Amino acid sequence: MLTSVIIILLALALFGYVALPLLNPRGADPLPPERDPVTSDLEEEKAALFRAIQELDSREDLPPERRAQLRARYEAKAARVLRTLDERPDERAVPAAANPRRRTRIPYGALTLLAGTLVIATTLGSYVLPRIGENATLTSFFREDLDQARALRDAQRAAENDPSADNLLAVADAYWRADDAENALTYYERAVEEAGARSALALRRLGFLNLQSDLGDALAYLERSRQIEPDDLDTLFAIGEINFARGDLDAAREAWRAYLEAPDGSNDPAVLARLELATEMHPVLERVEADPSRDNLLALADVLWRFDERERAVEVYFRVLTQLDPNDPVALGRTGQLLFLSGRNEDAIALMERAAESRQVGTQTLLFLGNAYFSAERYQEAIDVWERHIALVGKDEAGRVPGLVADARSRLNGQAGAPIATTGQVSSGDSIFASNCAGCHGEGGSGGSGPRLAGNPRASEPENVRNAVRFGRGMMPGFAAVLSEAEIDSVVAFVTEVLNASGTVR
């Protein structure tokens with residue numbers, strides 16, 4: 001009853017507040033000029049950038065080169081803001097004042113609408129917003145974004161009045177939480193380079209934000225962060241990865257060893273694997289640098305391939321094909337395999353066919369070529385290649401390939417959908433995932449060129465995962481011709497019940 005009374009009173013107050021100005025326009029307060037909120041934000045950003053540029057002139061403690069770099073960055077961003085302002089439409093004009101002598105027309109439509117609102121409010125007087133949590137309503141769903149926007153606004157105003165290190169870091173953190181990488185980068189740079197902030201977190205985030213644009217800058221920021229927090233695992237791992245990508249294996253191994261010696265980093269399997277790769281790769285890379293011969297390059301690519309660094313391995317194989325031997329069967333075959341796994345079936349077939357012309361073709365290449373033919377519904381060619389594979393490895397080692405041949409024959413004869421015969425035991429879901437999925441989705445489903453599976457709501461639905469595994473999706477190839485139904489069931493259960501249910505990267 002009390003809820004009904006309160007809602008009716010609020011509805012009446014709203015009715016009077018809206019209706020009276022409509023009935024007597026001359027008694028209403030004039031409306032403030034309308035402002036486009038996006039234009040207002042751009043104007044504030046422009047003013048902040050101009051102030052930052054002016055402040056640089058008085059920063060004698062910064063080297064001239066750094067001031068020039070910061071000035072160029074701020075001026076480029078200011079130019080983009082000005083260009084965006086120029087492209088925005090003019091502010092909406094304020095309507096001209098009504099002629100006081102003109103007879104006021106009663107807005108019957110608006111009054112009818114407000115009366116209907118009053119009736120609805122009376123009818124639904126006892127309605128209570130549904131609760132999400134024990135003590136929350138639906139309105140709490142929006143509070144986080146609203147609070148975030150207010151925090152950003154307050155931080156910006158504080159930084160405009162006092163561009164200290166703490167205030168600039170507060171703005172940068174707010175942009176970071178809002179996933180605005182560009183503005184977060186600008187304010188973290190100002191806090192660190194102009195205001196002298198000594199924050200390991202800010203330097204670490206600057207390193208991460210520069211990963212896509214400049215590995216040298218990213219590494220420099222991360223090294224400065226390491227000086228402040230020498231045992232931070234994220235910093236050490238990233239330093240190792242950047243040095244590995246730049247070919248400095250000594251520095252990469254030093255960072256990963258420091259990771260393993262840190263209090264919380266001992267026996268991390270992912271870092272142990274990276275350290276093993278760098279250790280095994282180091283002497284091979286030295287031989288390549290001294291003598292980039294075909295054999296040395298193939299040895300380097302083989303190390304990378306065995307440690308699932310397949311894209312880097314194919315870069316080396318491509319160097320062999322373009323500079324030394326365009327018909328090398330290993331380079332052709334493995335490049336074709338990667339293309340098949342990337343969904344480029346026709347290109348994969350073209351390369352693996354060339355590899356298959358050699359007597360030295362690998363059995364894995366024949367297996368993948370058969371899979372590619374099968375996906376393209378070229379069943380007779382798939383049968384021929386798979387039978388060649390069986391002849392090379394022997395029936396005892398052929399696994400389920402005879403079943404694939406039988407399935408291709410049934411499809412060739414118009415009996416699509418016949419079950420694929422299998423031999424031997426079905427592999428466990430985690431081993432199937434490691435062999436076929438981890439290269440794109442990451443170890444433990446952490447994500448990579450493919451989406452993250454650990455904690456991903458879409459990876460919690462068995463049928464959704466099953467269809468993706470069977471038929472592929474986007475750049476992901478289908479595995480219906482590669483895995484049996486039992487193996488598909490196994491990997492689907494692993495993804496949905498182990499990886500996804502954990503919600504964390506293993």
Side-chain angles (χ1 to χ4, degrees), residues 176 179 181 184-185 188 192 199-286 288-289 300-317 319 338 342 434 437-454 504-506:
W176 178 274
D179 293 327
L185 177 64
Y188 277 129
V192 169
S199 166
L201 176 62
L203 290 164
R204 182 162 59 250
R205 287 178 174 174
L206 277 172
F208 294 154
L209 289 168
N210 276 281
L211 282 175
Q212 299 299 322
S213 57
D214 192 319
L215 288 181
D217 284 350
L219 181 60
Y221 281 124
L222 289 169
E223 290 288 5
R224 291 168 63 184
S225 177
R226 181 182 180 182
Q227 292 175 3
I228 302 172
E229 292 184 3
D231 291 332
D232 181 77
L233 298 184
D234 290 337
T235 302
L236 292 170
F237 186 82
I239 289 173
E241 287 295 319
I242 294 173
N243 281 309
F244 182 84
R246 301 177 77 191
D248 190 345
L249 299 187
D250 287 330
R253 289 190 295 173
E254 185 277 328
W256 287 329
R257 288 194 186 103
Y259 182 107
L260 295 170
E261 292 170 0
D264 298 324
S266 60
N267 298 322
D268 187 308
V271 178
L272 286 169
R274 300 301 286 169
L275 183 58
E276 183 183 359
L277 165 60
T279 301
E280 186 170 337
M281 183 178 165
H282 187 267
V284 183
L285 184 60
E286 286 185 338
V288 168
E289 291 173 348
L300 175 61
D302 182 66
V303 173
L304 291 166
W305 188 268
R306 285 189 288 106
F307 280 89
D308 287 329
E309 289 282 337
R310 296 188 176 183
E311 292 185 0
R312 290 180 179 174
V314 166
E315 290 177 3
V316 181
Y317 285 132
R319 183 177 172 184
L338 183 63
S342 301
C437 315
C440 294
H441 292 286
E443 183 180 353
S446 59
S449 58
R452 177 188 177 116
L453 300 178
T504 57
V505 181
R506 304 193 320 159

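This one's a predicted model, so the numbers in the text were calculated from it and none came from an experiment.
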What's the shortest heavy-atom distance between [X] and [Y], and which atoms?
{"X": "Ala278", "Y": "Leu249", "value": "O-CD1, 3.9 Å"}
{"X": "Leu285", "Y": "Gly247", "value": "CD2-O, 4.0 Å"}
{"X": "Ala218", "Y": "Leu211", "value": "CB-CD2, 3.9 Å"}
{"X": "Ser213", "Y": "Leu209", "value": "OG-O, 4.5 Å"}
{"X": "Ala252", "Y": "Gly240", "value": "CB-O, 3.4 Å"}
{"X": "Gly207", "Y": "Leu222", "value": "CA-CG, 4.0 Å"}

Nearest 0.5 Å, please: how far is [atom2] in [Y] from [atom1] in [X]?
{"X": "Ile239", "Y": "Glu223", "atom1": "CD1", "atom2": "CD", "answer": "4.0 Å"}
{"X": "Leu277", "Y": "Arg306", "atom1": "CG", "atom2": "CZ", "answer": "9.5 Å"}
{"X": "Tyr259", "Y": "Asp234", "atom1": "OH", "atom2": "CG", "answer": "7.5 Å"}
{"X": "Leu185", "Y": "Asp217", "atom1": "CG", "atom2": "CG", "answer": "9.5 Å"}
{"X": "Glu286", "Y": "Leu300", "atom1": "CD", "atom2": "CG", "answer": "12.0 Å"}
{"X": "Arg310", "Y": "Ser342", "atom1": "CZ", "atom2": "OG", "answer": "10.5 Å"}

Do the side chains of [Y] and [X] get nearer than 4.5 Å, heavy atoms only?
{"X": "Leu272", "Y": "Trp256", "value": "no"}
{"X": "Phe307", "Y": "Met281", "value": "no"}
{"X": "Glu309", "Y": "Arg274", "value": "yes"}
{"X": "Tyr221", "Y": "Arg204", "value": "no"}
{"X": "Leu219", "Y": "Leu215", "value": "no"}
{"X": "Asp231", "Y": "Asp264", "value": "no"}
{"X": "Val192", "Y": "Arg224", "value": "yes"}
{"X": "His282", "Y": "Asp250", "value": "yes"}

Fill in the blank from the handout: Across all chains, not counting sequence neighbours, the side chain to side chain donor-acceptor pair (under 3.5 Å) partners of Glu261 are none
Practice task
Could you give me the CA-CA distance, side-chain angles and deciding distance for Asp232 and Arg226, then say whether side chain to side chain contact (heavy atoms under 4.5 Å, CB included) is met?
Solution key: CA-CA 7 Å; Asp232 181 77; Arg226 181 182 180 182; over 6 Å; no
Practice task
Give a yes or no on this: more than 12 heavy atoms of other residues, nucleotides or ligands lie within 6.0 Å of atom CG of Asn267.
Solution key: no
Practice task
Please work out which of the three classes, parallel, tilted or perpendicular, describes the rings of Trp176 and Tyr188, given edges at 30° and 60°.
Solution key: perpendicular
Handout entry: Under 3.5 Å: donor-acceptor pair, side chain of Asn210, backbone of Leu206
Key = yes
